[in-house]
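One-based numbering along the sequence shown.
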Amino acid sequence: MTENDNNAAWRMGGITVSAVEDYIYSMLPARDEVLTEIETEAAKRKIPIVGPAVGRILYQLALMINAKAVFELGSAVGYSTIWWARAVGEGGRVIYTDGDRKKADEARGYFARAGVSDRITVKTGDALELLSEEKQQFDIIFCDVDKEDYPRVVKLAIPRLRKGGLFVADNVLWSGKVAQKDSPEASTKAILEFNRQIYNSTDLFTTILPIRDGVAVAVKNN
C-alpha cells in the first residue's frame with residue numbers, strides 16, 4: 001500500500017475496521033500509470049472516485065456476467081469508466097455521463113492514454129435524463145450521481161436492464177450515516193430510501209458489500 005492509498009480522500013474509511021481496511025488495500029496489485037495518476041489527482045483535488053478496491057469489484061462483476069454494454073450515471077474524471085471499459089473488452093461499449101464538461105474533457109484524455117477511447121461514448125448533461133433517453137437494455141447500470149437523486153434512479157434503471165443484468169451503486173453506506181437515527185441530511189435520507197427500494201423491489205435481488213463506502217449489487221431477476 002502506498003502513502004497515497006493510505007491517506008487518499010477517496011479511500012474514505014469508517015465502514016470496516018481500520019486494520020482490516022489497511023490489509024485490503026495492502027493486498028492490491030499496483031495499478032498502471034493512468035489509473036495511478038487519476039488516484040493521485042483525486043487525492044490532491046478531492047475528486048470523488050471509487051478507488052482501486054471498488055474498481056476491482058466493478059471489473060470483476062462485468063467479467064462474471066460477460067457484460068458488453070454498461071451505462072454509468074455520474075462518471076467524474078472517468079476512473080471507474082476505465083475499469084468498466086477494460087472489462088467489456090473489444091466490441092464492448094460503456095456510456096460515460098457527467099454534467100461537468102471540464103471533467104468530461106479531462107476524462108477523454110485519460111481514456112485515450114488508457115487505450116479505451118473506442119469503447120466509451122462520452123455524454124455530458126443530466127445523467128438521469130440521458131439514461132431516460134436510452135431505448136436499449138444494458139448488462140450493467142452503475143449509479144454514482146448526486147445522492148439526493150438516488151431514489152429517482154431505480155425506476156429509470158430497472159426497465160433498461162436485461163434479465164440477469166446488474167444494477168450497481170456506490171456510497172450506499174454513506175460514511176456510516178445510514179446507521180444514524182432520524183438523520184436530518186437530505187443526502188442520507190435519500191440513500192436510506194434508495195436502499196429500501198432496491199431491497200424491496202421484486203425485480204431485483206440485492207446485496208450491499210461493506211467495502212469503502214458501501215457498494216450495492218442488485219441482479220435483475222425477471
- Are the charged groups of Asp139 and Arg162 less than 4.0 angstrom apart, N to O? yes

- Using a strict 4.0 Å threshold on nitrogen-to-oxygen distance, state whether Glu106 and Arg45 make a salt bridge. yes

- Task: Look at the side-chain heavy atoms of Ile, Leu, Val, Met, Phe, Trp and Tyr, link any pair under 4.5 Å apart, and say whether Val172 and Val178 land in one connected group.
- Result: yes

- Message: Among Val116, Asn66, Leu63, Val70, exactly one meets side-chain contact (heavy atoms from CB on, under 4.5 Å) together with Val88. Which residue is that?
- Response: Val70

- Message: Please tell me whether Glu72 and Ser80 have a donor and an acceptor in their side chains that are separated by less than 3.5 angstrom.
- Response: yes

- May I ask you to decide whether Asp98 forms a salt bridge with Lys123, counting only side-chain N to carboxylate O separations under 4.0 Å? no

- Task: Show the numbers, then the answer: is there a side-chain hydrogen bond (donor to acceptor under 3.5 Å, both in side chains) between Tyr25 and Glu21?
- Result: CA-CA 6 Å; Tyr25 279 89; Glu21 189 169 79; 5.2 Å; no

- Message: Take a 6.0 Å sphere around CD of Gln136 and say whether it holds more than 12 heavy atoms from other residues, nucleotides or ligands.
- Response: yes

- Can we say Lys102 and Asp105 salt-bridge, meaning some charged N sits less than 4.0 Å from an Asp/Glu carboxylate O? no

- Is there side-chain contact between Trp83 and Arg56, with heavy atoms separated by less than 4.5 Å? yes

- Query: Strictly under 6.0 Å, is that where the ring centroids of Tyr59 and Trp84 end up?
  - Reply: no

- Heavy-atom closest pair, residues Ile191 and Asn171: CD1-O, 3.6 Å

- Counting only heavy atoms not in Arg101, do more than 12 fall under 6.0 Å of its CZ? no

